[in-house]
Amino acid sequence: MRIKDNVVIITGSGSGIGKETALLFAREGGKLVVADVNDKAGEETAERDKERQEEMPIFAHLDVSNREQVKQVVKDTISKYGRIDVLIN
């Protein structure tokens with residue numbers, strides 16, 4: 001597994017391709033940050049695979065057009081995991 005233990009931020013992961021990508025990375029053991037402007041959808045994605053995860057994916061509210069929110073998600077991710085390995089936007 002090349003994804004296992006990689007720290008991954010996926011924007012737009014509350015629905016569509018972003019959601020499916022997030023679920024795949026979670027199944028493969030990635031340390032996942034689900035980021036979306038839609039809180040309900042993003043939280044549902046983060047909760048979806050929690051039974052199979054050693055560490056539950058976390059949700060971050062993020063509007064990618066807001067520079068300060070982007071900086072905060074990056075800062076919070078590095079604070080929690082010490083790094084970012086993959087960014088899918």
(request) Answer whether the closest heavy-atom distance between the side chains of Val74 and Ile84 falls below 4.5 Å. (result) yes
(request) Flag yes if Ile88 and Val34 sit in one hydrophobic cluster, no otherwise; membership is Ile, Leu, Val, Met, Phe, Trp, Tyr, and two members link when side-chain heavy atoms are under 4.5 Å apart. (result) yes
(message) Rounded at 0.5 Å granularity, tell me how far CD in Glu28 sits from CG in Asn6.
(response) 11.0 Å
(request) May I ask you to test the Lys19-Arg48 pair for a side-chain heavy-atom distance under 4.5 Å? (result) yes
(request) Give, for atom CZ of Phe59 and atom CD of Glu47, the distance between the pair rounded to the nearest 0.5 Å. (result) 11.0 Å
(message) Out of the candidates Ile9, Thr11, Ile10, only one should pair with Ser13 under the side chain to side chain contact (heavy atoms under 4.5 Å, CB included) rule; please name it.
(response) Ile10
(message) Using side-chain heavy atoms (C-beta onward) and a distance below 4.5 Å, is Arg83 in contact with Asp85?
(response) yes
(message) Could you measure the distance from the NZ atom of Lys31 to the CD1 atom of Ile58? Nearest 0.5 Å is fine.
(response) 11.0 Å
(message) I need the full list of side chain to side chain donor-acceptor pair (under 3.5 Å) pairs touching residues 62-73, with sequence neighbours left out, sorted by first then second residue.
(response) Asp63-Ser65, Gln72-Asp76
(request) Quick one: pull up CG in Leu62 and CG in Asn89 and give me the separation to the nearest 0.5 Å. (result) 8.5 Å
(message) In this structure, would Leu32 and Leu87 fall into the same cluster of hydrophobic residues linked by side-chain contacts under 4.5 Å?
(response) no
(message) Is there a continuous path of hydrophobic side-chain contacts, each under 4.5 Å between heavy atoms, that joins Val73 to Ile78?
(response) yes
(message) Tell me whether Asp36 contacts the main-chain N or O of Gly14 through its side chain, where contact means a donor paired with an acceptor under 3.5 Å.
(response) yes
(message) What's the separation between atom NZ in Lys4 and atom CZ in Arg27, rounded to the nearest 0.5 Å?
(response) 15.0 Å
(request) Supply the atom-to-atom distance Ile17 CD1 to Leu24 CG, rounded to the nearest 0.5 angstrom. (result) 13.0 Å
